[in-house]
**Q** 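Please find one structure pasted underneath; my questions will follow.
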Amino acid sequence: MIPWVQLDSAKTPDGAQELRLKRRGAEFSIMLGTNELMNSRLSGSEEALANLSCQRIAGHPRPRVLIGGLGMGFTLRAALAELANDADVVVAELVPAVVAWARGPMADVFGGCLDDPRVTVRETDVGHLIRSEPAAWDAILLDVDNGPEGIVHKGNDALYSLAGLAAARAAMKPDGVLAVWSQGPDAGFTRRLKQAGFTVEEVNTRANGKRGARHVIWIAVNGSRT
């Protein structure tokens, strides 16, 4: 068995915890304490996050897509495969080290997607981008934590509050899509999405195609405002 080797570490935005990048042969893992946040062998649900969202906006001209959380690039690559050449994709990543890992030791995992002319990477809080541009996005994809509860960064809780969801809806174009990845169900979050005015679909998916852990993706559509 090939042992895991730690390549690097970085503090979470609040400075209280540590993210660790590990490698075992060609396999990579990003850990928070004893929790594995992502693994390069398990990409199914992150890809589904992009596929489900981009298919919903397929008819939108020159779509603008905001992805919260770079991770290992699975959502970004899947979005690029779905979107036309005139799309504009902005990725917000709060931890600069994650961007450095993507361009460094994990460059093969990313497969050059960060160099796609449609892509802009912003080292900032996705919440800031959501609040800064009203009616700007055809789709907002959030995979910044393990679900609607800030584990990596407690500040992420604000994204999933009723006020945060209202801000996301205000940042979206009519018929835009807010998609949120989670490691498991959360009935309270489903209720908040509906209270914020979204039409909501809760999709169950697997970490690796038809196998692996069961994850949840919320697809929330911004209907016409009354």
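Not measured: the values here are computed from a predicted model. Numbering starts at 1 and runs along the sequence shown.
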**Q** Considering only heavy atoms from C-beta outward, does the side chain of V216 approach that of N204 to under 4.5 Å?
**A**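 Yes - at least one pair of side-chain heavy atoms lies under 4.5 Å apart.
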**Q** Between L21 and V98, does the side chain to side chain contact (heavy atoms under 4.5 Å, CB included) criterion hold? Intermediate values first, please.
**A** CA-CA 9 Å; L21 175 64; V98 172; over 6 Å; no
**Q** Would you say Y160 and D186 make side-chain contact, with heavy atoms under 4.5 Å?
**A**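 Not touching, per the 4.5 Å side-chain cut-off.
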**Q** Taking the side chain as every heavy atom from C-beta outward, state whether I67 and V89 have any atom pair closer than 4.5 Å.
**A**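 Touching, per the 4.5 Å side-chain cut-off.
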**Q** Are more than 12 heavy atoms from other residues, nucleotides or ligands located less than 6.0 Å from atom CZ of R122?
**A**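 Counting neighbours around CZ of R122, 12 or fewer heavy atoms of other residues, nucleotides or ligands fall under 6.0 Å, so no.
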**Q** With a 4.5 Å limit on heavy-atom distance, are the side chains of V65 and I57 in contact?
**A**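 Yes; the side chains approach each other to less than 4.5 Å.
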**Q** Do other residues, nucleotides or ligands put more than 12 heavy atoms under 6.0 Å from R20 CZ?
**A**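 Yes - once you tally the heavy atoms of other residues, nucleotides and ligands closer than 6.0 Å, there are more than 12.
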**Q** List the atom pairs, donor and acceptor, that lie under 3.5 Å between side-chain atoms in residues 71-83 and the rest of the protein, sequence neighbours left out.
**A**
| from | atom 1 | to | atom 2 | distance (Å) |
| --- | --- | --- | --- | --- |
| T75 | OG1 | E46 | O | 2.9 |
| R77 | NH1 | V109 | O | 2.4 |
| E82 | OE2 | Q55 | NE2 | 3.3 |

**Q** Below 4.5 Å, heavy atoms only, C-beta onward: do F198 and V221 meet side chain to side chain?
**A**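 Of all side-chain heavy-atom pairs linking V221 with F198, none is under 4.5 Å.
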**Q** About how many Å separate SG of C54 and CG of D138, when rounded to the nearest 0.5 Å?
**A**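 The CG atom of D138 sits 10.0 Å away from the SG atom of C54.
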**Q** Could you list the residues that satisfy side-chain contact (heavy atoms from CB on, under 4.5 Å) with E27, not counting sequence neighbours?
**A**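 For E27 the side-chain contact (heavy atoms from CB on, under 4.5 Å) partners, ignoring immediate neighbours, are W4, R24, N39, S40, R41.
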**Q** Salt-bridge test for R56 and E201: reply yes if a basic N is under 4.0 Å from a carboxylate O, no otherwise.
**A**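 Answer for the salt bridge query: yes.
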**Q** Report yes or no: do L42 and I2 belong to one cluster of Ile/Leu/Val/Met/Phe/Trp/Tyr joined by side chain heavy-atom distances under 4.5 Å?
**A**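 No, separate clusters.
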**Q** Testing V177, L178, L66 one by one against W137 for a side-chain contact (heavy atoms from CB on, under 4.5 Å), which residue passes?
**A**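 In the set V177, L178, L66, the residue that makes a side-chain contact (heavy atoms from CB on, under 4.5 Å) with W137 is L66.
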**Q** Measuring from atom CG of L142 to atom OG of S53, what distance do you get when rounded to the nearest 0.5 angstrom?
**A**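 Result: 9.5 Å between the selected atoms.
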**Q** Check side-chain contact (heavy atoms from CB on, under 4.5 Å) between P134 and all other residues, then give those that pass, not counting sequence neighbours.
**A**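 Not a single residue meets the side-chain contact (heavy atoms from CB on, under 4.5 Å) criterion with P134.
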**Q** Can you tell me how far apart CG (L49) and CG (L141) are? Round to the nearest 0.5 Å.
**A**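 One finds 4.5 Å between CG of L49 and CG of L141.
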**Q** Give me each pair satisfying salt bridge (Lys or Arg N to Asp or Glu O under 4.0 Å) with a member in residues 90-103, each pair once, sequence neighbours excluded.
**A**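 As it turns out, the salt bridge (Lys or Arg N to Asp or Glu O under 4.0 Å) pairs with a partner in residues 90-103, which skip direct neighbours, are R103-D115.
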**Q** If Ile, Leu, Val, Met, Phe, Trp and Tyr residues are connected whenever their side-chain heavy atoms lie under 4.5 Å apart, and connections chain through other members, are M31 and L19 in the same group?
**A**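 As far as the 4.5 Å side-chain criterion goes, L19 and M31 are not connected within one cluster.
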**Q** For the backbone of L37 and the side chain of N35, can you confirm whether one donor and one acceptor N or O come within less than 3.5 Å of each other?
**A**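 Pair absent, no side-chain N/O of N35 close to backbone of L37.
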**Q** Please examine the side chains of F28 and L7, heavy atoms only from C-beta on, and report whether any two atoms are closer than 4.5 Å.
**A**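 Result yes, sub-4.5 Å side-chain heavy-atom pair found.
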**Q** Any side-chain heavy atom of E123 sitting closer than 4.5 Å to one from V99?
**A**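 E123 reaches V99 side chain to side chain.
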**Q** Does P185 offer a backbone N or O that forms a donor-acceptor pair with the side chain of S182 under 3.5 Å?
**A**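 Judged by distance alone, no pair lies under 3.5 Å.
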**Q** Surrounding CG of D108 (heavy atoms of other residues, nucleotides or ligands, distance under 6.0 Å), is the total greater than 12?
**A**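 No, not enclosed.
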**Q** If Ile, Leu, Val, Met, Phe, Trp and Tyr residues are connected whenever their side-chain heavy atoms lie under 4.5 Å apart, and connections chain through other members, are L162 and L193 in the same group?
**A**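 The answer is no; the residues belong to distinct hydrophobic clusters.
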**Q** Output the distance between atom CG (L129) and atom CD (E133), rounded to the nearest 0.5 Å.
**A**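 So the gap between those two atoms works out to 7.5 Å.
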**Q** With sequence neighbours left out, write down each residue that passes side-chain contact (heavy atoms from CB on, under 4.5 Å) with K11, or none if nothing qualifies.
**A**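 For K11 there are no side-chain contact (heavy atoms from CB on, under 4.5 Å) partners, ignoring immediate neighbours.
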**Q** Can you pull the side chain to side chain donor-acceptor pair (under 3.5 Å) pairs that have at least one residue in residues 189-198, sequence neighbours excluded?
**A**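 Matches after skipping sequence neighbours: T190-E202, T190-W218.
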**Q** Answer yes or no: is there an ion pair linking R64 with D88, defined by an N-O contact shorter than 4.0 Å?
**A**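 Yes, charged N to carboxylate O under 4.0 Å.
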**Q** Determine whether F189 and L165 make a side-chain contact, defined as any pair of heavy atoms from C-beta on separated by less than 4.5 Å.
**A**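 The answer is yes; the side chains approach within 4.5 Å.
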**Q** Can any side-chain N or O of R131 pair as donor or acceptor with the backbone N or O of G127 at less than 3.5 Å?
**A**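 Answer holds: yes.
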**Q** Distance check, rounded to the nearest 0.5 Å: I219 atom CD1 versus L52 atom CG?
**A**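 Output value for this atom pair is 5.0 Å.
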**Q** Taking all non-hydrogen atoms of both residues, which atom of V95 and which atom of A10 are closest, and how far apart?
**A**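 Minimum heavy-atom contact is CG1-CB, 4.3 Å.
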**Q** Hey, what do you get for CD1 (I130) to CE (M172), rounding to the nearest 0.5 Å?
**A**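 Answer for the CD1-CE pair, I130 versus M172, is 9.5 Å.
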